[in-house]
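Accompanying notes for the structure given below.
Residue numbers run from 1 in the order of the sequence given. Values reported hereafter were calculated over all heavy atoms of this structure, with side chains retained and with hydrogens, waters and symmetry mates removed. Given the structure is predicted, the values throughout are model-derived calculations rather than measurements.
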Amino acid sequence: MDTSFLWIFLISFINMQYLQCDADVSLDNWESLNEYDTYYADECPRMRRGWHTLSDQQRGLYINGLMKIRENGQQNIDIDEVIAIGSVHADVYAPFIHKTSSYLYWHGYLTWEIESRIRALGGEYKCFGMPYWDFTLEAGRESDPLILQTGLGGNGNVNDHYKVNEYSWPYTTGQYWTPTDCFAEDDNYPLCSLKRALRKDFQMPTAKTIGENIINNPNFEDFAQFSHISGQAVHLIDGCDDLDENGDPIYEFTQSYEPIWYLFHSMIQYHQAAWTDCNNYDQIPVNELEKYPEAFTPFCNSYDTCTLNNNGYPQRWLQWKLDDPMHFGGKLIKHEWSYINKNDLTVRKLYNLPKWNIVYDLGNGDGFWTDSGLRDYCDGKLNSSWFILNEGHVNDDNDKYLSEQQLSSLSSSSYISQTSLVNLSYNDIFVIIFCLISSICCALYFIGRYKKLNNNIGINKDKQHLNKYGAVTTGTMKSIYIS
């Protein structure tokens with residue numbers, strides 16, 4: 001029996017197993033705790049990875065997914081799903097929620113909903129997880145942020161009210177529109193262009209600053225108060241410093257229709273998950289949270305609104321306790337696909353992220369996880385249902401995560417390729433090279449076998465021709481013919 005086929009199968013099997021193992025290694029210890037997710041939850045978690053670590057193709061799942069949703073919306077403000085979700089944050093109630101203890105959970109739900117709409121597209125999108133924008137990478141380069149070099153468009157056109165469409169982003173206003181900030185030349189409500197303007201003298205927080213907040217504020221109220229401050233980081237891109245004759249800002253663009261806004265809030269939810277997990281609050285049964293005020297304490301920072309209700313809100317809106325139903329304005333609640341269409345949402349229900357099928361991929365732990373101090377602080381506490389940490393790929397001195405200085409000098413294309421390659425260890429590279437060499441050797445072997453077989457067949461044909469004229473065919477040659 002020819003054993004070459006056995007060797008080929010064995011080498012191919014090893015190659016496939018290695019590649020499969022490399023792809024799935026981060027899920028080895030993951031256990032689903034899902035209760036609320038109904039979008040392909042049995043097939044895959046909402047694995048959230050750093051936007052800066054993704055390839056163009058991986059980023060395309062988010063960008064193309066959004067564009068597909070917009071296409072399905074038919075430019076109809078009452079149908080478009082991005083508009084429905086974004087309208088919640090553009091509603092008159094939104095400023096109030098920012099002053100309460102529900103702030104983090106309320107925004108986290110909106111991020112989950114846009115993530116759900118992309119997963120609902122099915123096919124290649126069914127396992128989509130909302131990437132997170134590590135905005136601490138922008139500290140020190142606020143005038144030229146990396147996030148604007150990754151396929152989401154750049155700064156807006158200063159000569160047309162900072163319009164992004166067809167200026168720094170190829171998509172037309174008809175393809176990606178917003179129903180707000182309608183003052184660019186060709187804007188026609190509700191089809192108005194996306195606007196984006198970088199603020200001057202804006203300072204982004206560092207990984208160390210964020211880490212110190214998480215580590216030094218084990219009480220929920222202290223942590224949540226600081227999160228309001230770190231939450232200001234997204235305002236780097238939503239308005240310039242131009243003032244009108246009354247000294248008021250001319251441009252302050254609505255954020256909730258901005259694609260970057262959801263990447264930003266995925267990172268905020270990462271901070272929230274790290275704070276919860278690394279303080280062991282993930283171990284508290286959610287039906288007993290009221291016994292642990294350090295894990296959650298209700299508060300409202302606005303005396304005028306919370307007590308006096310100067311805005312005249314209905315009393316049912318003025319709720320922020322553990323089991324109080326949250327209010328969501330805008331159009332979202334009217335859509336049958338939204339969770340809140342048929343269900344109340346509370347802090348208790350949203351407290352445990354794995355119950356919503358969310359898990360954060362920390363890669364090998366380099367970058368923010370290490371620079372923030374969380375790697376040391378969370379050592380021995382990390383819950384594998386909340387976070388995936390692949391420490392098997394810890395880099396050595398010659399194979400480090402890109403530093404902020406290195407990132408500053410990269411173009412967007414090299415930024416993508418280097419962050420992708422940097423995760424390969426020497427062992428990975430050795431196995432890949434071995435697989436390539438094995439495949440080449442096998443191919444050469446088969447070419448040689450093919451040529452030899454052809455030669456034998458040619459000889460046999462000559463023998464058969466001679467046999468017709470009385471030549472004797474040996475048993476050996478007969479065996480070759482028959483086989």
- Classify the side-chain pair Y360/R48 by whether it contains a donor and acceptor separated by less than 3.5 Å. yes

- Is the closest side-chain heavy-atom distance between Q319 and P325 below 4.5 Å? yes

- Message: Under 6.0 Å between ring centres: does that hold for F220 and F223?
- Response: no

- Message: Please find the pair of heavy atoms, one from R196 and one from P259, that lie closest to each other, and give the distance.
- Response: NH2-CD, 4.5 Å

- Message: Quick check: closest heavy atoms across K195 and D187, and the distance to 0.1 Å?
- Response: NZ-OD2, 2.7 Å

- Message: I need the Y125 OH to I118 CD1 distance, nearest 0.5 Å.
- Response: 8.5 Å

- Query: When you measure from the side chain of D37 to the backbone N and O of Y39, does any donor-acceptor pair fall under 3.5 Å?
  - Reply: yes

- Would you confirm whether S87, through its side chain, and A90, through its main-chain N or O, come within 3.5 Å as a donor-acceptor pair? no

- Message: Quick check against the 3.5 Å criterion: does N357 have a side-chain atom that pairs as donor or acceptor with the backbone of C44?
- Response: yes

- Between L318 and N309 the two heavy atoms that sit nearest each other are CD1-CG, 3.5 Å

- Quick one: do the D144 and Q149 side chains pair a donor with an acceptor below 3.5 Å? yes

- Message: What I want to check is whether the side chains of Q225 and N301 have a donor and an acceptor closer together than 3.5 Å.
- Response: yes

- Message: Quick one about H98 and H89 (side-chain donor to acceptor, distance below 3.5 Å, no hydrogens or angles considered), yes or no?
- Response: yes

- Do W356 side-chain atoms and K349 backbone N/O form a donor-acceptor pair below 3.5 Å? yes

- Report yes or no: does D181 contribute a side-chain atom to a donor-acceptor pair with the main-chain N or O of T254 at less than 3.5 Å? yes

- Query: Is there a donor-acceptor pair closer than 3.5 Å between any side-chain N or O of N217 and the backbone N or O of N219?
  - Reply: no

- Rounded to the nearest 0.5 Å, the CG atom of N279 sits from the CD1 atom of I214 at a distance of 9.5 Å

- Message: Students often mix this up, so state it plainly: with edges at 30° and 60°, are the rings of F183 and F253 parallel, tilted or perpendicular?
- Response: tilted

- Are Y103 and W320 close enough, and set up right, to give a ring pair (Phe, Tyr, Trp, His ring centres under 6.0 Å), and what steps lead you there? CA-CA 9 Å; Y103 161 78; W320 49 86; over 10 Å; no

- Query: Less than 6.0 Å separating the ring centroids of W112 and Y36?
  - Reply: no

- Message: So that I know where these two stand, are Y262 and Y62 an aromatic pair - ring centroids less than 6.0 Å apart?
- Response: no

- N383 side chain to D282 side chain, donor-acceptor N/O pair below 3.5 angstrom: yes

- Message: Just verifying a value: how many Å separate L54 CG and Q57 CD, rounded to the nearest 0.5 Å?
- Response: 11.0 Å

- Taking the six-membered ring for Trp, are Y105 and F296 parallel (under 30°), tilted (30 to 60°) or perpendicular (over 60°)? perpendicular

- Message: Under a 3.5 Å threshold, yes or no: a donor from one side chain and an acceptor from the other, between E113 and W337?
- Response: no

- Does the ring pair (Phe, Tyr, Trp, His ring centres under 6.0 Å) test come out yes or no for W261 and H265, once each step is laid out? CA-CA 6 Å; W261 191 74; H265 274 289; 4.6 Å; yes

- Passes salt bridge (Lys or Arg N to Asp or Glu O under 4.0 Å), K331 versus D80? Steps please. CA-CA 10 Å; K331 299 175 178 293; D80 192 291; over 6 Å; no

- Item | Contact check, side chains of T209 and F226, non-hydrogen atoms, under 4.5 Å | yes

- 4.5 Å side-chain heavy-atom contact, I147 and F135: no

- Message: Any non-hydrogen side-chain atom of I210 less than 4.5 Å from a side-chain atom of H271?
- Response: yes

- Point-to-point distance, once rounded to the nearest 0.5 Å, from CG of D344 to CG of D324: 10.5 Å

- Contacts of D277 that satisfy salt bridge (Lys or Arg N to Asp or Glu O under 4.0 Å) - sequence neighbours left out: none

- Note on the structure: Of Y270, F264, W51, the one forming a ring-ring contact (aromatic ring centres under 6.0 Å, His included) with Y132 is Y270

- Item | CG-CD1 distance between N155 and I237, expressed to the nearest 0.5 angstrom | 9.5 Å

- Query: Under 4.0 Å between a Lys/Arg side-chain N and an Asp/Glu carboxylate O for R199 and D238?
  - Reply: yes

- Message: Between E221 and T297 (side chain of the first, backbone of the second, donor and acceptor by atom type, cut-off under 3.5 Å), is there such a pair?
- Response: no

- Query: Does the ring center of Y257 lie less than 6.0 Å from the ring center of W177?
  - Reply: no

- Task: Would you indicate whether K342, at its atom NZ, is surrounded by more than 12 heavy atoms from other residues, nucleotides or ligands within a distance under 6.0 Å?
- Result: yes

- Short side-chain to backbone donor-acceptor contact, T178 and L194, under 3.5 Å: no

- In terms of side-chain geometry, is the basic nitrogen of D366 or R375 positioned less than 4.0 Å from the acidic oxygen of its partner? yes

- State whether the side chain of N216 and the backbone N or O of E212 hold a donor-acceptor pair below 3.5 Å, judged by distance alone. yes

- Task: Please tell me if the side chains of F96 and W317 come closer than 4.5 Å, counting only heavy atoms from C-beta onward.
- Result: no

- Query: Hey, are the side chains of P179 and I83 touching, using non-hydrogen atoms and a 4.5 Å cut-off?
  - Reply: yes

- Task: Could you verify whether a donor N or O on one side chain and an acceptor N or O on the other, from N34 and S32, lie under 3.5 Å apart?
- Result: no

- Determine whether the side chains of S116 and R46 contain a donor N or O and an acceptor N or O closer than 3.5 Å. yes

- With a 4.5 Å limit on heavy-atom distance, are the side chains of V234 and Q255 in contact? yes

- Query: If you draw a 6.0 Å radius around CG in N287, do more than 12 non-hydrogen atoms from other residues or ligands fall strictly inside?
  - Reply: yes

- Query: Are more than 12 heavy atoms from other residues, nucleotides or ligands located less than 6.0 Å from atom CD of E294?
  - Reply: yes

- Aromatic Y176 / basic R70 pairing, under 6.0 angstrom, 45° off normal: yes

- Message: Any non-hydrogen side-chain atom of D186 less than 4.5 Å from a side-chain atom of K163?
- Response: yes

- Mind checking whether F328 and H107 have ring centres under 6.0 Å apart? no

- Query: On the ring face of Y377, is K381 found with NZ or CZ under 6.0 Å from the centre and within 45° of the axis?
  - Reply: yes

- Note on the structure: Between the CG atom in L33 and the CG atom in L353, the distance rounded to the nearest 0.5 Å is 11.0 Å

- Taking atom types as modelled, find out whether S266 and W133 have a side-chain donor-acceptor pair closer than 3.5 angstrom. no

- Message: Less than 3.5 Å apart, any donor N or O on the side chain of D323 or T346 sitting next to an acceptor on the other?
- Response: no

- Between G154 and V164, the two heavy atoms sitting closest are O-CG2, 4.0 Å

- Message: Suppose the criterion is disulfide bond (SG atoms under 2.5 Å apart): which pairs have a residue in residues 320-378, not counting sequence neighbours?
- Response: C278-C378

- Would you name the heavy atoms of C300 and T100 that are closest together and state the gap between them? SG-CG2, 4.1 Å

- Task: Say whether, by atom type as modelled, one donor and one acceptor occur between the side chain of N72 and the main chain of I69 under 3.5 angstrom.
- Result: no

- Query: Of the non-hydrogen atoms in R348 and L289, which two are nearest, and what is the gap between them?
  - Reply: NH1-N, 3.9 Å

